[in-house]
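Inspection log for the structure reproduced underneath, given as structure tokens.
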There are 2 protein chains.
Amino acid sequence: METRELRYFVAVAQERHFGRAAQRLGIAQPPLSRAIAQLERRLGVTLLERTSRAVTLTEAGAVLLREGRAALDAVEAAERRTRRAATGGPSLVLVTKAGASSELLAKLLDAYAAEPGAVAIDVQLCGVGEQEGLLRDGRADVALLHLPYDSAVGFDTEVLHTEGQVAVLPAGHPLTTRPHLTMAEVAAIPDLPMPRWPRRDGSYPDGPGPEVRDNAQLLQLIGLGRTTAVLPESVRASLQRDLATVPVPDAPTVTTLIAWPPHSRSRALAGLVLAATRL
Amino acid sequence: METRELRYFVAVAQERHFGRAAQRLGIAQPPLSRAIAQLERRLGVTLLERTSRAVTLTEAGAVLLREGRAALDAVEAAERRTRRAATGGPSLVLVTKAGASSELLAKLLDAYAAEPGAVAIDVQLCGVGEQEGLLRDGRADVALLHLPYDSAVGFDTEVLHTEGQVAVLPAGHPLTTRPHLTMAEVAAIPDLPMPRWPRRDGSYPDGPGPEVRDNAQLLQLIGLGRTTAVLPESVRASLQRDLATVPVPDAPTVTTLIAWPPHSRSRALAGLVLAATRL
DNA sequence: AGGATTGATACCCGGCGGGTATCGCCGCGT
DNA sequence: ACGCGGCGATACCCGCCGGGTATCAATCCT
């Protein structure tokens with residue numbers, strides 16, 4: 001099976017429409033129809049049920065969509081990492097959520113830079129939930145993840161840090177005088193609806209709260225009195241003076257992990273992981 | 001990057017010889033040379049250093065070999081699982097080491113079969129260390145692994161069982177009267193050298209012991225008085241009468257895991273994992 | 001009933017993958 | 001030192017296949 005065939009199939013399977021898929025792929029519709037038919041013939045498997053009105057996936061088609069996306073990510077990762085290995089640029093790209101673990105990250109980078117043989121590390125900040133994709137398709141080599149917010153499924157990891165969570169409120173809010181709060185109390189604060197985070201596909205659920213992509217945006221919106229949130233206590237290190245925090249003992253404990261694709265143990269990565277575990 | 005290009009490059013990188021690689025691929029040498037050159041041109045990266053006497057990998061070439069093999073496995077897995085999803089055959093292939101965890105496996109299969117909506121499960125037995133490859137390239141969907149013998153890197157897992165280990169000796173051997181043994185004592189038994197296991201590439205280290213591929217072979221050789229071994233205590237359930245066991249308290253504890261590729265949560269697999277955790 | 005939408009089919013063309021023949025380079029043997 | 005042999009690169013040709021346009025066929029919506 002060639003990656004071209006896989007790309008074509010994934011496009012059709014996602015769009016559920018040959019014409020739109022062809023447009024997205026930058027080719028005409030007839031060659032696409034033919035390519036899919038040929039793929040089905042070669043596999044000996046019907047992947048799509050087409051009527052002239054709708055295209056639906058068969059069970060086997062659903063399997064190929066799921067597995068094929070992972071395979072295409074792997075191919076893309078191979079290509080990107082090869083290109084990066086050659087163009088002597090940063091030999092390691094670390095990705096983490098904007099506005100999270102900044103203190104830990106600074107310590108990690110300092111500790112690694114002090115090691116003999118340390119290479120340049122590119123730090124890339126992204127929105128919540130984007131790390132996995134970046135790591136999977138080779139745009140990044142290593143990530144800081146936060147359980148239970150992120151999922152570490154399919155990666156190698158080491159635990160770096162665990163911590164409780166605190167509610168972040170605008171300074172002067174009446175509840176800032178309380179010694180602690182419960183999750184239920186925070187969720188019920190009048191006029192401060194909880195923010196809405198993007199789903200895996202990038203869309204946002206409905207609700208009263210503001211849409212946010214990362215912690216930096218979130219903290220700014222809290223300062224503006226538009227929302228509130230329960231975050232790991234380490235955010236206190238990077239708070240402006242207009243924000244206050246109150247412990248939330250019944251919030252789930254947050255575990256910070258360093259994560260990397262399981263098979264890619266380069267020398268540089270091994271050094272960084274070692275430095276991280278010694279923090 | 002097309003999978004054909006990747007396959008060609010991997011062949012050359014492994015053989016370090018264009019002629020042999022071409023032969024292995026079933027094509028002539030000139031098209032192979034051209035394909036590699038074209039790949040390098042498209043990537044903008046030199047992958048191989050060739051003199052007319054030797055072919056060596058550049059750093060980028062080493063990266064592409066490592067990442068490319070993983071990517072090819074992923075593509076192959078997508079193809080195999082798609083084909084299997086269509087040809088209504090066994091909808092789940094479970095792989096485990098021959099001669100290991102047989103009791104646990106029987107219980108698991110019984111428990112799962114009793115669930116509503118259970119599908120046919122194919123059990124495949126393999127040699128030590130072969131499970132990972134089978135799982136990675138789609139020949140199997142789920143495996144029983146044994147830490148610390150196997151590596152669970154890159155898979156999702158659930159712990160099923162932990163146990164100590166015992167030395168397995170021919171019945172009547174003088175040491176079978178001892179209440180327990182140490183690792184050092186077992187390794188030093190005169191005339192019973194420890195067996196040699198295959199390395200990742202399939203070759204065997206040098207040494208006096210017999211070559212073995214799985215526990216079934218191993219147990220037979222022990223019965224013949226050719227070797228001895230330290231194995232999880234659950235092997236006692238499947239021993240012939242010509243074998244005896246002695247606990248080895250200082251051997252590492254063995255953990256039995258059920259493992260599966262992280263992204264492939266089919267309905268059938270989820271049911272099997274659930275049944276396994278409830279054992 | 002008829003037009004619109006959408007996937008399949010028919011047919012053509014150009015490029016690319018694969019083949020054979022041969023060259024150029026280098027190490028080695030006598 | 002010269003020549004031979006091994007190996008990768010180059011040159012050139014052919015046939016297939018991927019991509020394009022034109023059109024058909026089936027279905028749904030007025």
Side-chain angles (χ1 to χ4, degrees), chain A residues 1-62 64-65 68 71-72 75 79 86, chain B residues 1-62 64-65 68 71-72 75 79 86:
Chain A
M1 205 165 33
E2 292 303 311
T3 58
R4 184 182 50 81
E5 301 178 287
L6 254 187
R7 272 191 295 269
Y8 286 9
F9 171 74
V10 168
V12 175
Q14 288 180 331
E15 298 282 347
R16 283 174 166 70
H17 189 288
F18 279 76
R20 278 197 303 274
Q23 198 172 355
R24 197 174 103 185
L25 292 167
I27 65 173
Q29 170 259 319
L32 179 58
S33 283
R34 203 180 47 186
I36 300 293
Q38 183 172 324
L39 175 62
E40 289 181 309
R41 216 160 17 85
R42 277 211 263 261
L43 286 174
V45 168
T46 304
L47 299 169
L48 300 168
E49 223 55 80
R50 39 292 221 188
T51 71
S52 69
R53 219 51 197 178
V55 174
T56 58
L57 289 174
T58 64
E59 202 175 327
L64 186 57
L65 176 57
L72 286 176
V75 171
E79 188 166 343
Chain B
M1 208 168 29
E2 291 304 311
T3 58
R4 184 184 50 84
E5 300 178 287
L6 254 186
R7 271 191 296 269
Y8 286 8
F9 171 75
V10 168
V12 174
Q14 286 180 332
E15 298 282 347
R16 281 172 168 71
H17 190 290
F18 279 75
R20 279 198 302 275
Q23 199 172 357
R24 198 176 102 185
L25 292 166
I27 65 172
Q29 170 260 318
L32 180 57
S33 284
R34 201 181 46 185
I36 301 292
Q38 183 173 326
L39 175 61
E40 289 180 310
R41 216 159 17 82
R42 277 210 264 259
L43 286 175
V45 168
T46 305
L47 299 169
L48 300 168
E49 223 56 80
R50 45 277 230 195
T51 71
S52 70
R53 222 51 197 176
V55 174
T56 59
L57 289 174
T58 64
E59 201 175 329
L64 186 58
L65 176 56
L72 287 176
V75 172
E79 188 167 341

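Letters A, B, ... mirror the listed sequences (proteins, then strands); counts begin at 1. Model, not experiment: these values are computed from the prediction.
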Nearest-angstrom distance from the residue atom CD1 of B/Ile36 to P of D/dT10: 14 Å
Distance below 4.0 Å between A/Arg34 side-chain N/O and D/dG19 OP1 or OP2: no
DNA chain C nearest-nucleotide lookup for B/Ala35 and B/Gln29: closer to the 5′ end is B/Ala35
Does any part of the side chain of A/Leu6, heavy atoms only, come nearer than 4.5 Å to the side chain of A/Val75, both counted from C-beta? no
Can you check whether B/Gln23 reaches B/Glu15 side chain to side chain, under 4.5 Å on heavy atoms? no
With side chains defined as the heavy atoms from C-beta onward, is the minimum distance between A/Met1 and B/Thr3 less than 4.5 Å? no
In the structure I gave you, are the side-chain heavy atoms of B/Leu65 and B/Val10 within less than 4.5 Å of one another anywhere? yes
Spacing of A/Glu2 atom CD relative to D/dG18 atom P, expressed in whole Å: 10 Å
Find the distance A/Glu5:CD to D/dG18:C1' and express it as a whole number of Å. 11 Å
Just the rounded figure in Å: distance from P of D/dG18 to CG of A/Leu6. 14 Å
Could you go step by step and tell me if B/Leu48 and B/Thr56 meet the side chain to side chain contact (heavy atoms under 4.5 Å, CB included) rule? CA-CA 6 Å; B/Leu48 300 168; B/Thr56 59; over 6 Å; no
Could you check A/Arg4 against B/Ser33 and say which one's nearest nucleotide on DNA chain D is further toward the 5' end? B/Ser33
A/Arg42 atom CZ is separated from D/dC16 atom C1', nearest whole Å, by 12 Å
In whole angstroms, the gap separating C1' of D/dG8 from CZ of B/Arg16 amounts to 17 Å
Check whether any side-chain heavy atom of B/Leu39 lies under 4.5 Å from a side-chain heavy atom of B/Tyr8, and answer yes or no. no
Using a 4.0 Å heavy-atom cut-off across all strands, classify A/Gln38 as base, sugar-phosphate, or nothing. sugar-phosphate
Polar contact flag, side-chain donor to acceptor under 3.5 angstrom, A/Thr46-A/Glu40: no
Nearest-nucleotide wise, let me know which of A/Thr51 and A/Ala28 is further upstream toward the 5' end of DNA chain D. A/Ala28
From CD1 of B/Ile27 over to C1' of D/dG8, roughly how many Å is that when rounded to an integer? 14 Å
Which two nucleotides bound the region of DNA chain C that has atoms under 4.0 Å from heavy atoms of chain B, read 5' to 3'? C/dG17 to C/dG27
